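The structure appears right after this line, and notes come after that.
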Amino acid sequence: MVKYINNKGEIYEAEYDLQIARHTSSHILAQAIKRIYGSDIKLAIGPAIDNGFYYDFDGLNVKQEDLENIENEMKKIVKENQKTSCYTLNKKEAIKLVTEMDEIYKKEMIEEMKEDEIISFFAQGDFTDMCTGPHMLYLKSVGHFKLFTATGAYWRGNEKNKMLTRIYGTCFEKKEELESEILKKEEAKDKDHNKLGREMELFTTVDMIGQGLPILLPKGATIVQTLQRFVEDEERKRGYLLTKTPFMAKSDLYKVSGHWDHYKEGMFILGDEAKDKEVFALRPMTCPFQFMAYKNRQRSYRDLPLRYNETSTLFRNEDSGEMHGLIRVRQFTISEGHLAVRLDQLEKEIAGVLDLINYFMDVLGLKEDISFRFSKWDPNDRAKYLGNEEDWEYSQSVLKSILDDLKINYVEAIGEAAFYGPKLDIQAKNVYGKEDTIITVQVDFQLAHRFEMTYIDKDGSKKYPVVIHRTSIGCYERTLAMLIEKYAGTFPLWLVPIQAKILTISENEIEYAEEVKNKLLQADFKVELDSEDNKIGYKIREAQLEKVPYMIVIGKNEVENNTITIRNRNGEDIKDITVDEFINMLNSQVKKELLK
RNA sequence: GCUGGAAUAGCUCAGCUGGUAGAGCAACGGUCUUGUAAACCGUAGGUCCUCAGUUCGAUUCUGAGUUUCAGCUCCA
């Protein structure tokens with residue numbers, strides 16, 4: 001049991017609380033910083049977060065190597081085992097105190113509070129901080145902590161504000177827990193797609209090509225091709241019509257779509273508006289192009305729902321600091337699609353989209369790792385969005401009721417909507433726990449009007465369809481990144497770029513091995529023959545490093561018996577099997593993996 | 001875009017305060033023709049990210065740029 005003190009000054013006893021311990025650790029960090037770097041360092045905020053804590057400081061200039069020193073000071077403070085006390089002040093008194101302390105950020109926070117707010121302060125030895133608590137009564141109770149990084153962070157998360165210095169750390173009750181967390185971080189590095197993907201020769205980047213423009217090497221390209229064929233085939237089965245639309249268009253198109261006003265910064269623009277007669281832009285989204293396919297002829301209510309899909313390459317001029325491996329790039333290819341539907345079809349079509357997504361996530365093995373986010377507009381940031389409040393309230397309420405009907409378990413996020421409508425985002429976490437959107441489904445009541453997309457209804461009147469913007473498997477680069485980390489490079493059979501590697505014991509078996517290879521290639525399997533080196537142990541090791549699911553070993557016994565020996569990833573051997581039997585085995589395994 | 005790191009052989013890295021570079025693995029050539037995790041001998045491989053500046057002399061110091069990493073902000 002641990003003793004705590006809350007913001008009423010009450011002392012109570014409870015189990016070790018990780019959140020409070022981490023919050024207390026952030027105060028110890030701040031105390032250490034003040035001791036080492038002096039009172040010129042201004043305190044901003046220092047909360048506990050998911051996997052640790054941080055504290056933001058102004059005027060602090062620390063480097064990675066200084067962290068050890070700071071950590072030692074923190075340990076010293078804990079050893080002193082100061083007792084925490086708490087007192088409260090009214091707003092006026094609190095402002096007076098923080099003004100005396102010259103804590104400008106605390107002052108700013110207090111000034112924004114209500115007049116009758118009671119503000120609590122926690123003190124430990126020579127250190128006092130405004131805080132709502134609770135805290136550990138004795139600093140010794142915090143347990144074991146470690147500082148990780150010192151980086152920059154904007155005050156209040158706004159890029160217009162000053163950049164402060166943020167120190168991240170974590171804390172656990174037991175030393176073993178801390179050590180296992182550190183170990184976990186180390187192990188995560190080996191799964192990091194940006195490291196593993198390069199090591200496995202799935203992709204690379206080249207200085208001369210530029211940021212966010214990775215090259216998919218043969219193995220990575222093979223995986224993406226497998227995914228794309230799978231997605232296009234499945235979508236055709238579900239009634240989607242394929243389009244192939246241009247990679248760029250005149251600015252006129254984007255002016256109608258609203259991209260020119262709302263998304264220009266994110267586009268690669270070819271030409272100079274001031275000088276050139278015609279200005280082009282690479283497409284950042286496929287929507288307006290597929291809308292033109294819709295408008296190719298007059299549509300009837302009987303034509304709807306109309307489902308378009310395209311394996312679509314997009315270009316977005318991301319800020320230079322944003323690029324990261326395959327997760328965030330400037331050119332990417334997405335399983336894009338737009339559905340033009342009648343309002344009475346909307347729910348069923350969204351359900352259909354979600355069923356498709358669900359199937360894909362299941363096949364990829366990501367079903368357990370995703371979460372749903374209902375992304376709404378921010379009424380306080382109108383300039384970012386098309387349409388008025390009424391439009392947004394309507395489209396959001398429609399999407400919300402559909403999601404509730406479908407019993408989707410989601411969190412809401414303000415200000416994450418697309419500029420033309422609310423979204424259902426499907427989120428996945430990377431190996432370090434950082435969340436990214438991999439799939440998005442959007443409901444759009446706006447763009448059909450802008451593009452004059454209409455259909456003739458039963459009663460002969462002209463109507464606008466609702467547009468669903470959706471991806472089904474997401475963007476191939478980002479999804480590949482997630483898969484690399486999910487499987488630590490050990491891809492399932494249907495997806496792996498080399499499904500089997502044929503290894504010969506000596507050069508005498510190469511002719512037979514070629515026969516085996518051709519049979520497997522004809523049966524549509526991806527195989528390689530390694531006959532360069534004669535050392536079988538070495539070859540097996542190579543195949544293991546490449547995470548090849550099956551090794552086919554061929555020596556003189558196999559040639560004599562017209563069979564092969566197979567070794568799977570677990571190191572188990574199957575002997576005296578024929579090539580045809582092996583092909584059947586592979587086929588049934590792939591079928592199973594595709595849930596068919 | 002912002003803050004702070006980093007860039008040396010194909011890969012992982014070493015190289016003290018300025019005197020143009022090394023190791024292990026990989027590659028290539030040869031020997032061995034081998035039944036399950038690195039056989040032996042040999043060879044080659046570098047614009048020390050780029051461009052300027054300081055200097056008799058720069059991988060090393062300074063500046064600008066490029067790429068890259070962590071975080072922030074932005075985003076699929």
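The figures here come from the full heavy-atom set of this structure, side chains too, leaving out hydrogens, waters and symmetry mates. This is a predicted model, so every value here is computed, not measured. Labels below follow one simple rule: chain letters A, B, ... track the order of the sequence lines, proteins then strands, and each chain is numbered from 1.
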Is a donor-acceptor pair below 3.5 Å formed from side chain A:Asn61 to base B:G4, judging by atom type as modelled?
-> no

Indicate whether OP1 or OP2 belonging to B:C69 is found under 4.0 Å from a side-chain N or O atom of A:Asn194.
-> yes

Parsed dot-bracket for RNA chain B after applying the Watson-Crick and G-U rules with both distances under 3.5 Å and | for other-strand partners is (((((((..((((.....[..)))).(((((.......))))).....(((((..]....))))))))))))....

Considering only B:G35, B:C72, B:C69, which nucleotide approaches the side chain of A:His324 most closely?
-> B:C69

N or O in side chain of A:Lys556 less than 4.0 angstrom from B:G35 OP1/OP2 = no

On a plain distance test, is the side chain of A:Arg567 in donor-acceptor contact with the base of B:U36 below 3.5 Å?
-> yes

Given B:G1, is OP1 or OP2 found less than 4.0 Å from the side-chain N or O atoms of A:Ser320?
-> yes

Among B:C74, B:G35, B:G1, the one nearest any side-chain atom of A:Glu318 is B:C74

Distance below 4.0 Å between A:Lys423 side-chain N/O and B:C75 OP1 or OP2 | no

A:Tyr154 side-chain proximity, nearest of B:C72, B:G5, B:U67 = B:C72

Hey, is the side chain of A:Glu322 pairing donor to acceptor with the base of B:U73 inside 3.5 Å?
-> yes

B:G71 base / A:Tyr54 side chain donor-acceptor hit below 3.5 Å | no

Reference residue A:Ser312; test side-chain contact (heavy atoms from CB on, under 4.5 Å); the match among A:Thr333, A:Thr243, A:Thr286 = A:Thr286

side-chain contact (heavy atoms from CB on, under 4.5 Å) with A:Phe372: of A:Asn409, A:Val441, A:Asp425, A:Ile426, only one passes, and it is A:Ile426

So, A:Glu412 and A:Lys376, do they make that salt bridge, N to O below 4.0 Å?
-> yes

For RNA chain B, whose closest nucleotide is more 5', that of A:Glu558 or that of A:Thr165?
-> A:Thr165

Establish, from distance only, whether the side-chain atoms of A:Tyr432 and A:Asp192 form a donor-acceptor pair under 3.5 Å.
-> yes

Looking at the side chain of A:Tyr168, which of B:G71, B:C2, B:U67 is the nearest nucleotide?
-> B:G71

Answer with yes or no whether A:Arg328 presents, from its side chain, a donor or acceptor under 3.5 Å of a partner atom in the base of B:C74.
-> yes

According to a strict under-4.0 Å criterion, is A:Gln211 in side-chain N/O contact with OP1 or OP2 of B:U68?
-> yes

